[in-house]
Amino acid sequence: MFIEINKLKKAKKILLEVYTKSINTSNDKEYIQAKYDHSIDCFNIASKVKPFNRTCAIAALLHDIGRIYEYDEDKADLHAQIGYQYLKNHFITNPLILLPIKYHEDDLNWYQKLLKDDEYTSQNILTKRRILEYSKVVRDADIISNMKIIAEKEYKSKNITINKQLINCLKARKLGQKELINGEYDEIVYILCGLNIIYSKNSIKYLKKHKIVASLINKLYTLANDNKEMLKETELISNIIGERFNL
């Protein structure tokens with residue numbers, strides 16, 4: 001227990017040092033602050049989804065350190081690899097922390113990539129199981145935290161459109177595609193598609209307890225206003241999520 005507490009203190013110190021350096025040098029302080037806050041939130045979510053497991057929570061805490069350590073819009077898609085390599089080179093050797101960070105961003109192919117990773121295949125069966133479990137928790141925490149960010153966002157647009165392709169993704173149990181987002185309504189539907197890759201029952205319980213999905217759906221109704229077509233689509237979305245996830 002004492003060792004685990006020390007590991008957590010070290011992880012928090014690593015994140016704080018990277019954050020402090022970045023926010024003092026970056027031109028986009030708002031971005032750095034948002035990513036730091038998101039990291040703390042993911043830590044708190046993972047602590048609830050997988051309670052009494054500091055190693056898993058540490059992976060969630062540090063999962064986006066690549067975005068903070070090396071903020072570059074052109075490298076945004078590489079932040080998981082950047083963070084993994086940075087931590088491995090300087091601070092951490094534990095695959096239970098490193099591999100969930102390395103594979104938290106690949107939405108569809110992460111599992112296949114992980115199974116072929118030499119760092120994974122060299123582990124014993126128990127460690128492999130834990131890596132898989134922690135990877136799922138970190139991914140869940142990331143999705144949930146992003147849902148909370150969208151749920152707290154203020155929307156003011158009056159000219160709202162719907163890209164029904166995103167609704168079809170939700171219906172087909174698929175992830176949404178960012179390029180399909182044309183406005184604020186689509187942004188909410190896109191993040192709701194993340195429900196299709198939530199793994200843990202505890203993650204669903206967390207979403208229900210904190211009424212995160214309910215808040216997102218209420219935002220859709222607000223945006224739909226008195227537009228009959230949009231209200232019909234919003235009701236469809238609400239029914240799909242209610243029946244499939246009991247949310």
> Does R54 use its side chain to pair, donor to acceptor, with the backbone of S47 at less than 3.5 Å?
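Checked: no pair found.
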
> Under the criterion side chain to side chain contact (heavy atoms under 4.5 Å, CB included), which of I68, I65, V18 is the partner of S39?
I68

> Under a 3.5 Å distance rule, please check whether D140 uses its side chain to pair with a backbone N or O of S203 as donor and acceptor.
no

> Check C193 against C169 and note the closest heavy-atom contact, atom names and distance.
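Closest heavy-atom pair between C193 and C169: SG-CB, 4.0 Å.
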
> Hey, could you give me the OG1/NZ distance between T121 and K128, rounded to the nearest 0.5 Å?
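Nearest 0.5 Å value for the OG1-NZ distance: 6.5 Å.
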
> Do the side chain of T25 and the main chain of K21 share a donor and acceptor less than 3.5 angstrom apart?
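Yes; at least one donor-acceptor contact below 3.5 Å.
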
> Check the pair L220, L192 against side-chain contact (heavy atoms from CB on, under 4.5 Å), reporting the backbone distance first and the verdict last.
CA-CA 11 Å; L220 292 180; L192 286 171; 4.0 Å; yes

> How many angstroms lie between CD1 in I150 and OH in Y190, if you round to the nearest 0.5 Å?
9.5 Å

> Would a distance-only check, ignoring hydrogens and angles, find a side-chain to backbone donor-acceptor pair under 3.5 Å from S122 to D118?
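Between the backbone of D118 and the side chain of S122 there is a qualifying donor-acceptor contact (under 3.5 Å).
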
> Looking only at atom types and distance, does a side-chain atom of D186 sit under 3.5 Å from a main-chain N or O of I162, one as donor and one as acceptor?
no

> Would you say that I45 contacts K148 through its side chain, given a criterion of any heavy-atom pair below 4.5 Å between the two side chains?
yes

> With a 4.5 Å limit on heavy-atom distance, are the side chains of H63 and C42 in contact?
yes

> Using modelled atom types only, decide if a donor and an acceptor are shared between the side chain of N225 and the backbone of N227 within a distance under 3.5 Å.
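Absent.
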
> Distance-only, no hydrogens or angles: does the T222 side chain make a donor-acceptor pair with backbone N or O of N218 under 3.5 Å?
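Judged by distance alone, yes, a pair lies under 3.5 Å.
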
> Determine whether H104 and H79 make a side-chain contact, defined as any pair of heavy atoms from C-beta on separated by less than 4.5 Å.
yes

> Looking at CG of L99 and OH of Y120, how far apart are the two atoms once the value is rounded to the nearest 0.5 Å?
9.5 Å

> Holding to side-chain hydrogen bond (donor to acceptor under 3.5 Å, both in side chains), I want the full list of residues that pass it with N109, two or more places apart in sequence or in another chain.
none

> Taking only distance into account, with no hydrogens and no angle test, what donor-acceptor pairs under 3.5 Å do side-chain atoms of residues 172-181 form with protein atoms, sequence neighbours excluded?
none

> Atom NZ of K102 and atom CD of Q85: how far apart are they, to the nearest 0.5 Å?
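One finds 7.5 Å between NZ of K102 and CD of Q85.
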
> Would one find more than 12 heavy atoms of other residues, nucleotides or ligands at under 6.0 Å from atom CD of E30?
no

> Evaluate whether atom CG of L126 has more than 12 neighbouring non-hydrogen atoms of other residues, nucleotides or ligands under 6.0 angstrom away.
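Atom CG in L126 is crowded, with more than 12 foreign heavy atoms closer than 6.0 Å.
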
> Between R139 and D142, does any side-chain N to carboxylate O distance fall below 4.0 Å?
no

> Once rounded to the nearest 0.5 Å, what's the spacing between atom CD1 of I144 and atom CG of N44?
12.0 Å

> So, for L62 and A11, which heavy atoms are closest and what is the spacing to 0.1 Å?
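Heavy-atom minimum between the residues: CD2-O, 3.6 Å.
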
> I'd like to check Y36 versus L16 (side-chain heavy atoms, cut-off strictly below 4.5 Å). Are they in contact?
yes

> Would you check if E119 and Y84 make a side-chain contact, meaning some heavy-atom pair closer than 4.5 Å?
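SC-SC contact between E119 and Y84 confirmed.
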
> So do I14 and L87 actually touch side chain to side chain, heavy atoms under 4.5 Å?
yes

> If I take atom CD1 from residue I23 and atom CG from residue D28, how far apart are they, to the nearest 0.5 angstrom?
10.0 Å

> Do you know the tightest heavy-atom contact between A57 and F43?
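Looking at all heavy atoms of both residues, the shortest contact is O-CD1, 3.3 Å.
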
> Mind listing the side-chain donor-acceptor pairs of residues 232-242 below 3.5 Å, one per line with the distance, residues two or more places apart or on another chain?
unit_1	atom_1	unit_2	atom_2	d
E233	OE2	K164	NZ	3.4
T234	OG1	Y185	OH	2.5
T234	OG1	M230	O	2.7
N239	ND2	E235	O	3.2

> State, to 0.1 Å, how close I149 and H38 come at their nearest heavy-atom pair, and which atoms those are.
CD1-ND1, 4.1 Å

> Evaluate I204 against S200 for side-chain contact (heavy atoms from CB on, under 4.5 Å), listing each step before the verdict.
CA-CA 7 Å; I204 296 295; S200 171; over 6 Å; no

> Using the salt bridge (charged side-chain N to carboxylate O under 4.0 Å, His left out) rule, take K153 and E187 through it: C-alpha gap first, then chi angles, then the decisive distance, then the call.
CA-CA 11 Å; K153 195 172 179 180; E187 185 178 30; 3.2 Å; yes

> Is the NZ or CZ atom of K10 positioned over F91's six-membered ring, under 6.0 angstrom from the centre and within 45° of the axis?
no

> For a 4.5 angstrom cut-off between non-hydrogen side-chain atoms, does Y19 reach Q33?
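A side-chain contact exists here, since the closest heavy-atom pair is under 4.5 Å.
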
> Over 60° means perpendicular and under 30° means parallel, so classify the ring planes of Y86 and Y69, tilted if in between.
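Correct class here is parallel.
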
> Look only at the side chain of H210 and the backbone of L207, and say whether a donor-acceptor pair between them is shorter than 3.5 Å.
no

> Can you name the nearest heavy-atom pair linking I212 to Y206, along with the distance?
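Taking I212 first and Y206 second, the nearest heavy atoms are CD1-CE2, 3.8 Å.
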
> For D37, is there any backbone N or O sitting under 3.5 Å from a side-chain donor or acceptor partner on D41?
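Side chain of D41 to backbone of D37: no pair is present.
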
> Evaluate the criterion side-chain contact (heavy atoms from CB on, under 4.5 Å) for residue pair F245 and N196; output intermediate values, then yes/no.
CA-CA 9 Å; F245 305 103; N196 289 325; 3.7 Å; yes

> Taking the side chain as C-beta and beyond, is there a heavy-atom pair between L132 and Y111 under 4.5 Å?
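Side-chain contact under 4.5 Å: yes.
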
> Can E133 and K50 be counted as an ion pair, charged N to O under 4.0 angstrom?
yes

> K29 side chain to S26 main-chain N or O, any donor-acceptor pair under 3.5 Å?
yes

> For atom CG of N27, is the number of surrounding heavy atoms from other residues, nucleotides or ligands below 6.0 Å larger than 12?
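Open: at most 12 neighbouring heavy atoms sit under 6.0 Å from CG of N27.
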
> Run the side-chain contact (heavy atoms from CB on, under 4.5 Å) test on V138 and Y103 for me, step by step, so that the C-alpha distance in whole Å, both residues' side-chain angles and the decisive distance to 0.1 Å come before the verdict.
CA-CA 9 Å; V138 171; Y103 291 103; over 6 Å; no

> Which pair of non-hydrogen atoms, one from D64 and one from K35, has the smallest distance, and what is that distance?
OD2-CD, 4.2 Å

